[in-house]
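Below: the structure, in structure tokens.
We use all heavy atoms of the structure for the numbers below, so side chains are in, but hydrogens, waters and symmetry mates are not. Residues: numbered from 1 along the sequence shown. What you see is a predicted model, and the numbers here were worked out from it, not measured in a lab.
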Amino acid sequence: MVNPLNIELKNQESPCRKTNNFRFSHDDWHFNNFSRFQCSETQQQLARQIIAKSEKVCELSTEAVKSNKDATNHYLEERINEIEYCKQELIRNRNELPSEIDALTTYENRLTHSVSSLRRNALDICMKCISAREHRLGIDLANDSVEKELRQECEGIKCANYLLSQTLDKTHEQLRRLKSSLYSIDRDLEDKENNLRIDRHNLTLKETSLNLSIYHGKNSLNASSITKDEWEMLTKKNIEESAKEILTGKKIRSNIDRILKQIIDDLIKQKAATDEAFRLRIEETKEIKGKLELQHSAIMRQAHEMTRNITKLEKVIAEKEAFIALAHTRLGNRCHRPGLELTCDQVEKSLTKEIADLREVVTQLQQTLFEAQASLRFLLKTQMQLEEDINIKTNSLKIDEVYCMTLRRSIDYHIF
């Protein structure tokens, strides 16, 4: 094959030859034409090869581009479906979260009211009853069954209040966790909604769409930093955590129901025991007070009778002293008898014996009077002691029956 470059060189030399009156030969003329034909055919064949190759490359590139686009569209559809599925799962869990938050908030309010009721109602009343019973008097200031039951009720209320306060703290924390899960799911849903919007828009784009542009920046357009496994793990984590928190919330609510029922049942039982102790103590105090009042009445009657007896004894002693004075006067008058008439006769012996007998009788009467007076003093002292005991019992009844039992009627143990 003739090299076209050689022909060009020869053509470039022709001016020099022309200047030297050089002429080409006939063979040169044929060779030059042959070279031109050969070069033309070669270029045409090369052009046909390039055109064939171009058509093949275009056809293959079109198929590749179409295949890539179809694959991308398929993956977009799969991704959209996958995101939509995860979104629906998130929505399902998200729909349960507000209900659980509302339900747990209701239980939180129940606990708050229960704690407030125990502190401001029951415990305050029990402490007032204990304080009021410290004002009992005398022997009634005893550590009786009422005191024991009241203190036991106070301890029960304090323990219940502590348990409810702990449960309330756990409820606060669970509400916080539920709200945190709700926030995380809302953020995840918002991100997935934006992702769906972007991918759905990408799915609608075609090569003929307007506002398409080629990126000429230096940074890569592939800005993804999270793998699909990480994406699935994070979404799964949000779903699992929300389901876990919902389940925990339900368990806490069930536990609150159980605790409230147990606490209220125990407190109602203890209140009944305390009220029964009050009732028995009040009945016992009333019974003793009634007996003391009967004894007081009997003592008063006995004291009046003893007073009359003392008056009688004093009168009798006075009468006996008059007889003594009579005997003394007679005996004294007979001491003035003259001469032999001053005889120790039967009259003198009788008067002497009468005086001795009268003195013995008066002594006995005075001893009896002393005993009666001492008995009267003891009766009056016993009367005062009985009156004091009756006043003590009256004060105790006023504290237990009037004040404490009236207060305790306002204790209301119930499940909120």
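Looking at S375 and L379, their side chains come closer than 4.5 Å, going by heavy atoms from C-beta outward. Side-chain atoms of I125 and N121, non-hydrogen and from C-beta on, do get closer than 4.5 Å to each other. At a threshold of 4.5 Å between non-hydrogen side-chain atoms, the residues Q45 and R48 count as touching. You'll find the side chain of Y413 reaches within 4.5 Å of the side chain of I157, heavy atoms only. Put simply, the side chain of K244 does not reach to within 4.5 Å of the side chain of L247, judged on heavy atoms. Using a 4.5 Å heavy-atom cutoff, the side chains of I83 and W231 are in contact. In this structure, the side chains of M405 and D400 stay at 4.5 Å or more apart for every pair of heavy atoms. Within the 4.5 Å cutoff, the side chain of S145 has no heavy atoms near those of the L280 side chain.
A salt bridge links R281 to D144: one of the charged nitrogens lies within less than 4.0 Å of a carboxylate oxygen. Ion pairing of K56 with E59 is absent here, as no side-chain N (NZ or NE/NH1/NH2) approaches a carboxylate O to less than 4.0 Å. With respect to K271 and D275, a salt bridge is recorded, a charged nitrogen being found less than 4.0 Å from a carboxylate O. A salt bridge links D265 to K261: at least one charged side-chain nitrogen sits closer than 4.0 Å to a carboxylate oxygen. Ion pairing of R253 with D257 is absent here, as no side-chain N (NZ or NE/NH1/NH2) approaches a carboxylate O to less than 4.0 Å. Contact check on R176 versus E173 returns a salt bridge, with a Lys/Arg side-chain nitrogen under 4.0 Å from an Asp/Glu carboxylate oxygen. A salt bridge does not link E283 with K286: none of the charged nitrogens is closer than 4.0 Å to a carboxylate oxygen. Electrostatic pairing of K250 and E100 does not count as a salt bridge here, judged by no charged N lying under 4.0 Å from a carboxylate O. Here K236 pairs with E240 in a salt bridge; the nearest charged N to carboxylate O distance falls below 4.0 Å. No salt bridge links K393 with E293; every basic N to acidic carboxylate O contact stays at or beyond 4.0 Å. Taking 4.0 Å as the cut-off between side-chain N and carboxylate O, E287 and K291 count as a salt-bridged pair. Salt bridge status for R151 with E147: present, with a side-chain N to carboxylate O gap under 4.0 Å.
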Kindly determine whether N33 and R36 satisfy side chain to side chain donor-acceptor pair (under 3.5 Å), including the steps that lead there. CA-CA 5 Å; N33 291 332; R36 293 294 186 187; over 6 Å; no
Checking side chain to side chain donor-acceptor pair (under 3.5 Å) for the pair E245/S181: CA distance, chi angles, key distance, verdict? CA-CA 8 Å; E245 298 306 332; S181 293; 5.0 Å; no
Criterion side-chain contact (heavy atoms from CB on, under 4.5 Å) on R177 and E241, from CA distance to verdict: CA-CA 9 Å; R177 296 175 70 89; E241 285 189 354; over 6 Å; no
R79 and E82: CA distance, side-chain angles, deciding distance, side-chain contact (heavy atoms from CB on, under 4.5 Å) verdict: CA-CA 5 Å; R79 186 60 174 163; E82 188 177 9; 3.4 Å; yes
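Both tests hold for R110 against Y107: distance to the six-membered ring centre under 6.0 Å, angle to the ring axis within 45°.
The main-chain N or O of A142 is found under 3.5 Å from a side-chain atom of R136 such that the two form a donor-acceptor pair. Judged by distance alone, the side chain of N238 and the main-chain N or O of R187 form no donor-acceptor pair under 3.5 Å. Side-chain atoms of S67 do not come within 3.5 Å of backbone N or O of A64 as any donor-acceptor pair. The backbone N or O of E305 sits nowhere less than 3.5 Å from a side-chain atom of N309 that would complete a donor-acceptor pair. At least one donor-acceptor pair closer than 3.5 Å links the side chain of T42 to the backbone N or O of Q38. A distance-only check finds a donor-acceptor pair linking the side chain of N391 to the backbone of E387 [under 3.5 Å]. Side-chain atoms of T235 never come within 3.5 Å of backbone atoms of E232 as a donor-acceptor pair (strictly under, hydrogens ignored). A distance-only check finds a donor-acceptor pair linking the side chain of T106 to the backbone of D102 [under 3.5 Å]. Side-chain atoms of D188 never come within 3.5 Å of backbone atoms of S184 as a donor-acceptor pair (strictly under, hydrogens ignored).
Enclosure of atom NZ in K192 by more than 12 non-hydrogen atoms of other residues, nucleotides or ligands within 6.0 angstrom is indicated. Heavy-atom contacts from other residues, nucleotides or ligands closer than 6.0 Å to CZ of R359 number 12 or fewer. Remark: R330 CZ is loosely packed, at most 12 non-hydrogen atoms of other residues, nucleotides or ligands lying under 6.0 Å away. The environment of CD1 in I139 is sparse: at most 12 heavy-atom neighbours from other residues, nucleotides or ligands sit within 6.0 Å. Other residues, nucleotides and ligands contribute at most 12 non-hydrogen atoms within 6.0 Å of the NZ atom of K312. Shown here is H172, whose NE2 atom has more than 12 heavy atoms of other residues, nucleotides or ligands within 6.0 Å.
To the nearest 0.5 Å, atom CG of residue L123 and atom CD of residue E155 are 9.5 Å apart. K128 contributes atom NZ, which lies 11.5 Å from atom SG of C404 (distance to the nearest 0.5 angstrom). Remark: I299 CD1 to M306 CE distance equals 10.0 Å, nearest 0.5 Å. Taking CG of L164 as the start and NE2 of H113 as the end, the distance is 13.5 Å to the nearest 0.5 Å. Between D199 atom CG and N194 atom CG the span is 11.0 Å, to the nearest 0.5 Å. Taken from OG1 in T167 to CG in L111, the straight-line distance is 6.5 Å, to the nearest 0.5 Å.
Taking all atoms of both residues into account, the shortest heavy-atom contact from L104 to G249 is CD1-O, 4.0 Å. Scanning both residues, L196 and E84, for their nearest heavy atoms gives CD1-OE1, 3.3 Å. When every heavy atom of I246 is checked against every heavy atom of N93, the shortest pair comes out as CD1-O, 3.8 Å. For E108 against L175, the heavy-atom pair with the smallest separation is OE1-CD1, 3.2 Å. Nearest heavy-atom pair across E149 and T274 is O-OG1, 3.4 Å. Here the closest non-hydrogen pair linking D412 and S117 is O-OG, 4.2 Å.
Exactly one residue among L397, V402, V146 makes a side-chain contact (heavy atoms from CB on, under 4.5 Å) with I282. That residue is L397.
Ring orientation note: the planes of H26 and H30 are nearly perpendicular, at an angle over 60° on the 30°/60° scale.
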